[in-house]
Amino acid sequence: VQLQASGGGLVQAGGSLRISCAASGFTLDDYVIGWFRQAPGKEREFVASISWSDGSTRYIGSVKGRFAISRDSAENTVYLQMNSLKPEDTAVYYCASRLNVISISVPNYDYWGQGTLVTVSS
């Protein structure tokens, strides 16, 4: 089971970026994929998640209306489209997986990707 996050980079405030999480070694049919982020000196926090089976999603309040999580079955990939980015969105973004039920809790996720750095300049 492997998750590989990619697509991070440097963007100006107000800009957009799409990051990807490609899964290999398993099919995602029964899984939830979550995006988390960790800023320097802060704890890792939940950002968004999607249930592969029914497409249901969940977001933290600070990204609602700006970020959108989606899935591509053919590519076995989950995307996080980030719009209207703010400097406070700067962090390493990680994707992670767990079975069946969406959770916002970091310990509830079993497999983690390596992270991709998103830097938003003011």
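Residues take their numbers from the sequence shown, with the count starting at 1. All values below were derived from every heavy atom in this structure, side-chain atoms included, with hydrogens, water molecules and symmetry-related copies excluded.
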Peer 1: Where do Thr119 and Val11 land on the side-chain contact (heavy atoms from CB on, under 4.5 Å) test, with the steps shown first?
Peer 2: CA-CA 6 Å; Thr119 304; Val11 62; over 6 Å; no

Peer 1: Linking I/L/V/M/F/W/Y whenever any side-chain heavy atoms sit under 4.5 Å apart, do Leu117 and Val120 land together?
Peer 2: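 Per the 4.5 Å side-chain linkage, Leu117 and Val120 are co-clustered.
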
Peer 1: Any side-chain heavy atom of Val118 within less than 4.5 Å of one from Ile19?
Peer 2: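 They are in side-chain contact.
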
Peer 1: Would Arg44 count as a cation-pi partner of Tyr94, with NZ or CZ less than 6.0 Å from the six-membered ring centre and within 45° of the ring normal?
Peer 2: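 Yes, Arg44 and Tyr94 form such a contact.
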
Peer 1: How about Tyr111 and Cys95: do any of their side-chain heavy atoms sit closer than 4.5 Å?
Peer 2: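 Contact flag for Tyr111/Cys95 side chains = no.
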
Peer 1: Quick check: are there more than 12 heavy atoms from other residues, nucleotides or ligands sitting under 6.0 Å from OH of Tyr59?
Peer 2: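 Counting neighbours around OH of Tyr59, more than 12 heavy atoms of other residues, nucleotides or ligands fall under 6.0 Å, so yes.
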
Peer 1: Tell me the closest heavy-atom pair linking Ser97 and Phe26, and the distance in Å.
Peer 2: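 In this case the closest contact between Ser97 and Phe26 is OG-CZ, 4.3 Å.
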
Peer 1: Within the structure provided, determine whether Ser49 and Trp35 are in side-chain contact (heavy-atom separation under 4.5 Å).
Peer 2: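 A side-chain contact under 4.5 Å is absent here.
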
Peer 1: Can Gln38 and Glu43 be said to form a side-chain contact (heavy atoms from CB on, under 4.5 Å), step by step?
Peer 2: CA-CA 6 Å; Gln38 189 164 17; Glu43 292 188 351; 5.6 Å; no

Peer 1: Leu28 versus Asn76: any side-chain heavy-atom pair under 4.5 Å?
Peer 2: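 Contact flag for Leu28/Asn76 side chains = yes.
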
Peer 1: Any heavy-atom pair between the side chains of Glu45 and Val106 that's under 4.5 Å?
Peer 2: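 Counting from C-beta outward, Val106 and Glu45 never come under 4.5 Å.
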
Peer 1: Drop me the distance from Leu99's CG to Ser51's OG, to the nearest 0.5 angstrom.
Peer 2: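 Taking CG in Leu99 and OG in Ser51, the distance rounds to 11.0 Å.
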
Peer 1: Check whether NZ of the Lys or CZ of the Arg Arg18 lies under 6.0 Å from the centre of the six-membered ring of Tyr79 and within 45 degrees of that ring's axis.
Peer 2: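 That pair qualifies as a cation-pi contact.
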
Peer 1: Determine, step by step, whether Arg37 and Tyr93 satisfy the side chain to side chain donor-acceptor pair (under 3.5 Å) criterion, reporting the C-alpha distance in whole Å, the side-chain angles of both residues, the deciding distance to 0.1 Å, and the verdict.
Peer 2: CA-CA 4 Å; Arg37 65 187 180 188; Tyr93 283 71; 3.0 Å; yes

Peer 1: Counting only N and O atoms by type, is there a donor-acceptor contact under 3.5 Å from the side chain of Thr116 to the main-chain atoms of Gly8?
Peer 2: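 Here the side-chain-to-backbone pair exists.
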
Peer 1: Measuring from atom CG of Asn100 to atom CG of Asp29, what distance do you get when rounded to the nearest 0.5 angstrom?
Peer 2: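 Going from CG on Asn100 over to CG on Asp29, the span is 11.0 Å.
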
Peer 1: Quick one: pull up CG in Leu80 and CD1 in Ile33 and give me the separation to the nearest 0.5 Å.
Peer 2: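 That separation rounds to 12.5 Å.
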
Peer 1: Under the 3.5 angstrom rule, does the side chain of Thr77 hit a backbone N or O of Glu75 as a donor-acceptor pair?
Peer 2: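 It does hold such a pair.
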
Peer 1: Measure the CG-CD distance between Leu17 and Gln81 for me, rounded to the nearest 0.5 Å.
Peer 2: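 It comes to 8.0 Å.
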
Peer 1: Looking only at non-hydrogen atoms, find the nearest pair between Val92 and Gly115 and report the distance.
Peer 2: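 Smallest interatomic distance, heavy atoms only, reads CG1-CA, 3.8 Å.
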
Peer 1: Between Trp112 and Phe36 (judged by ring centroids, cut-off 6.0 Å), do the two rings come close enough to count as a pair?
Peer 2: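 Centroid distance Trp112-Phe36: below 6.0 Å, so yes.
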
Peer 1: Using side-chain heavy atoms (C-beta onward) and a distance below 4.5 Å, is Tyr109 in contact with Val32?
Peer 2: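 In contact.
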
Peer 1: Does atom CD (Glu88) have a neighbourhood of more than 12 heavy atoms from anything else shown, all under 6.0 Å?
Peer 2: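 More than 12 within 6.0 Å, yes.
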
Peer 1: Supply the atom-to-atom distance Arg98 CZ to Ser103 OG, rounded to the nearest 0.5 angstrom.
Peer 2: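 That separation rounds to 5.0 Å.
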
Peer 1: Tell me, do Phe67 and Asn83 make a side-chain contact under 4.5 Å, heavy atoms counted?
Peer 2: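 A side-chain contact is absent here, since even the closest heavy-atom pair is not under 4.5 Å.
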
Peer 1: Just how far is it from atom OG of Ser73 to atom CH2 of Trp52, taken to the nearest 0.5 Å?
Peer 2: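 It is 5.0 Å, given to the nearest 0.5 Å.
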
Peer 1: Looking only at heavy atoms, what is the nearest atom pair of Ser122 and Pro87, with distance?
Peer 2: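 Heavy-atom minimum between the residues: CB-CG, 3.8 Å.
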
